[in-house]
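This is a predicted model, so every value here is computed, not measured.
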Amino acid sequence: MAEKLYIEALREGLREELLRDEKVFLLGEDIGIYGGAFGVTKGLVQEFGEEKIIDTPISEQAITGIAVGAAMAGMRPVVEIMFFDFLTLAMDQFINQGAKIRYMFGGKAKVPMVVRAPMGCGTGAAAQHSQSFPGVFAHFPGLKVVMPSTPYDVKGLIKAAIRDDNPVLFAEHKLLYRVKGEVPDEEYVLPLGKADIKRKGKDVTVVAGSIMVIRALEAAKELEKEGIDVEVIDPRTLKPLDMKTIIDSVKKTGRVLIVEDDPVSFGWGAEVAAGIAGSEAFDYLDAPVKRLGGLDIPIPYNPNLERHAVPQVEDIVKAVKDLLR
C-alpha cells in the first residue's frame with residue numbers, strides 16, 4: 001500500500017465516486033479553480049468540468065438547500081462548507097429539511113447527500129473558524145455523522161457516505177489533512193457504524209475521535225515506556241455509534257477514558273459514557289468512567305491559549321495515569 005496524505009486520500013475517494021456514478025457532483029464556495037479553502041478539491045474542476053464541480057455564492061443555507069433538492073431529485077450532491085463553524089448557517093436546510101424529508105414522505109423520497117466541513121483548532125483561526133461540534137448533529141434523527149482520523153479511513157468512509165441514501169455530515173479535522181498513512185490502491189468502502197481498534201491493549205481503554213485518535217496513539221507510546229498498555233478505540237462514526245466494540249474493550253480492560261476535541265460539557269463522550277454505564281460493561285469497571293475534552297470557552301487566537309483549550313498528548317497521558325491510580 002502506498003503512503004498518502006489524508007487530503008490526498010479524501011480527494012481520491014471523491015474522484016473515484018465522481019467517475020463511478022454520474023449522479024455525484026460537488027458544490028461549495030471556491031471549490032473549483034481555487035480547489036477549496038484547504039485544497040481538498042484541487043484539480044477536480046479541470047478533470048470533471050464546472051457542471052460537476054460547482055462554485056457557489058457565499059450562502060451556506062442556499063448551498064445546502066440546493067443539495068437537499070438535488071438529492072430528492074435523484075442526484076448525489078457533496079457539499080463543502082468552508083469552515084465547520086459555518087454549518088450553523090445551514091442548520092435549517094440540513095436539519096429541518098434534509099434530515100426529516102425521508103420520514104415525512106413515508107420513505108418515498110430519499111436524500112442521499114453529504115456535507116463535508118473542516119473542523120477544529122490549531123491553525124490560529126480564532127473563535128469563529130475553529131470549532132468542533134459533530135456531536136450536535138448526532139442528536140438529530142435522520143442524520144449520520146462521520147469523523148475519520150486516518151487517510152485509510154477517510155477514503156473508505158467518504159465513498160460509503162456518498163453511496164448512503166441518507167444525509168451524512170462528514171467532519172474533517174484541519175490538522176489531519178497533512179497526516180500520512182497507508183491507503184490501498186484497489187477500491188474499498190468502509191461501513192458506516194463500525195468502530196476500529198487502532199491499538200490493542202489490556203490496562204485501559206481510550207475512546208477517541210478525529211484528531212484525538214492521533215494524540216491518543218502518541219500518548220499510548222509514551223505510557224508504554226512506563227509499562228502501561230493502552231487500547232485505543234476510534235468510533236469513526238458517531239451516528240450510527242458502534243457501542244459493542246467499545247463495551248467489549250471496557251470489559252477487557254476495566255477502565256475507560258473518553259477523549260473529545262470539542263468542549264466536554266454535553267459532548268458526544270457523555271453518550272458513550274452513558275452507553276457503558278447502562279451495559280454489562282458496568283460490572284467490569286474498576287474505576288469511574290473518565291472524560292477529557294476541550295474547555296468551555298471560545299477558541300482563543302493566541303497560540304499558547306489555543307493549545308491549552310483542547311486536550312494535548314500530555315493531558316491524555318496524565319488522565320490515563322490518574323485513572324490507573
Side-chain angles (χ1 to χ4, degrees), residues 60 81-91 94-95 115-140 143-149 169-177 195 205-219 232-239 241 243 246 256-277 288-320 322-323:
E60 284 75 16
I81 300 295
M82 192 175 282
F83 285 88
F84 205 85
D85 317 58
F86 302 165
L87 283 165
T88 55
L89 297 164
M91 293 285 266
F94 198 32
I95 290 167
V115 176
R116 296 180 37 250
M119 68 179 184
C121 66
T123 61
Q128 295 175 329
H129 298 73
S130 303
Q131 294 173 89
S132 300
F133 46 91
V136 169
F137 293 90
H139 179 75
F140 296 105
L143 293 182
K144 296 186 178 182
V145 181
V146 184
M147 51 177 196
S149 65
L169 175 66
F170 204 81
E172 308 153 12
H173 200 288
K174 304 181 193 87
L175 298 185
L176 289 174
Y177 284 140
T205 298
V206 174
V207 181
S210 191
I211 189 67
M212 292 302 155
V213 174
I214 307 303
R215 293 178 188 171
L217 290 170
E218 290 181 31
V232 178
I233 305 291
D234 178 2
R236 297 202 289 201
T237 62
L238 288 185
K239 195 171 186 180
L241 179 63
M243 280 302 302
I246 295 169
V256 60
L257 170 69
I258 305 162
V259 189
E260 307 164 64
D261 185 45
D262 40 336
V264 72
S265 295
F266 304 96
W268 60 263
E271 181 67 24
V272 175
I276 294 167
V289 175
K290 188 174 179 65
R291 294 176 61 205
L292 178 66
L295 301 179
D296 286 325
I297 59 171
I299 299 297
Y301 172 68
N302 177 281
N304 291 324
L305 293 177
E306 180 185 35
R307 188 178 187 279
H308 183 65
V310 296
Q312 304 297 325
V313 174
E314 59 269 25
D315 300 316
I316 300 173
V317 169
K318 182 180 182 302
V320 169
D322 290 345
L323 192 57

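- Side chains of F83 and S130 form no contact here, defined as non-hydrogen atoms less than 4.5 Å apart.
- In this model, a donor atom of one side chain and an acceptor atom of the other lie less than 3.5 Å apart for D261 and S132.
- Inter-residue side-chain proximity for E172 and M119 is flagged as unmet; no heavy-atom pair is nearer than 4.5 Å.
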Report the C-alpha separation of R116 and F84 in whole Å, then their side-chain angles, then the decisive distance to 0.1 Å, and conclude whether the side chain to side chain contact (heavy atoms under 4.5 Å, CB included) test is met.
CA-CA 8 Å; R116 296 180 37 250; F84 205 85; over 6 Å; no

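- By the 4.5 Å heavy-atom criterion applied to side chains, V213 and I211 are not counted as neighbours.
- For the pair P148 and L176, the tightest heavy-atom approach, listed with the atom from each and the gap, is O-CD1, 3.5 Å.
- Using modelled atom types and a 3.5 Å distance limit, the side chains of Y301 and E306 yield no donor-acceptor pair.
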With a 3.5 Å cut-off and sequence neighbours excluded, list the donor-acceptor pairs that the side chains of residues 263-273 form with protein atoms.
{"unit_1": "S265", "atom_1": "OG", "unit_2": "D296", "atom_2": "OD1", "d": "3.4"}
{"unit_1": "S265", "atom_1": "OG", "unit_2": "D296", "atom_2": "OD2", "d": "2.7"}

Check step by step if side chain to side chain contact (heavy atoms under 4.5 Å, CB included) holds for F137 and F94.
CA-CA 10 Å; F137 293 90; F94 198 32; 3.9 Å; yes

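- Taking each heavy atom of I233 and A195 in turn, the nearest pair found is CG2-CB, 4.2 Å.
- Side-chain atoms of K239 come within 3.5 Å of backbone atoms of F140 as a donor-acceptor pair (strictly under, hydrogens ignored).
- Side chains of V115 and F170 form no contact here, defined as non-hydrogen atoms less than 4.5 Å apart.
- When every heavy atom of A216 is checked against every heavy atom of I316, the shortest pair comes out as N-CD1, 3.8 Å.
- Side-chain atoms of D85 and Q131 include a donor-acceptor pair closer than 3.5 Å.
- Within the 4.5 Å cutoff, side-chain heavy atoms of R215 are placed close to those of Q312.
- Crowding of E314 atom CD: a count of heavy atoms from other residues, nucleotides or ligands under 6.0 Å exceeding 12.
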For T205 and L257, run side chain to side chain contact (heavy atoms under 4.5 Å, CB included): C-alpha distance rounded to whole Å, both residues' side-chain angles, the deciding distance at 0.1 Å, then the answer.
CA-CA 6 Å; T205 298; L257 170 69; over 6 Å; no

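- The two atoms that bring M212 and P311 nearest to each other are CE-O, 3.3 Å, heavy atoms only.
- Minimum interatomic distance between V207 and P235 (heavy atoms only, all atoms of both residues): CG1-CG, 3.9 Å.
- A donor-acceptor pair shorter than 3.5 Å can be found between the side chains of D234 and S149.
- Checked against the 6.0 Å centroid threshold, H129 and F86 count as a close aromatic pair.
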List the steps and the verdict of side chain to side chain contact (heavy atoms under 4.5 Å, CB included) for L292 and I258.
CA-CA 6 Å; L292 178 66; I258 305 162; over 6 Å; no

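- For the pair P288 and L323, the tightest heavy-atom approach, listed with the atom from each and the gap, is O-CD1, 3.5 Å.
- With contacts defined as side-chain heavy-atom distances shorter than 4.5 Å, the pair K144/T237 does not qualify.
- A distance of 11.5 Å separates CD1 of I299 from NE2 of H308, quoted to the nearest 0.5 Å.
- At least one side-chain heavy atom of L169 sits under 4.5 Å from a side-chain heavy atom of L87.
- Residues I276 and M243 meet the side-chain proximity criterion, which asks for heavy atoms closer than 4.5 Å.
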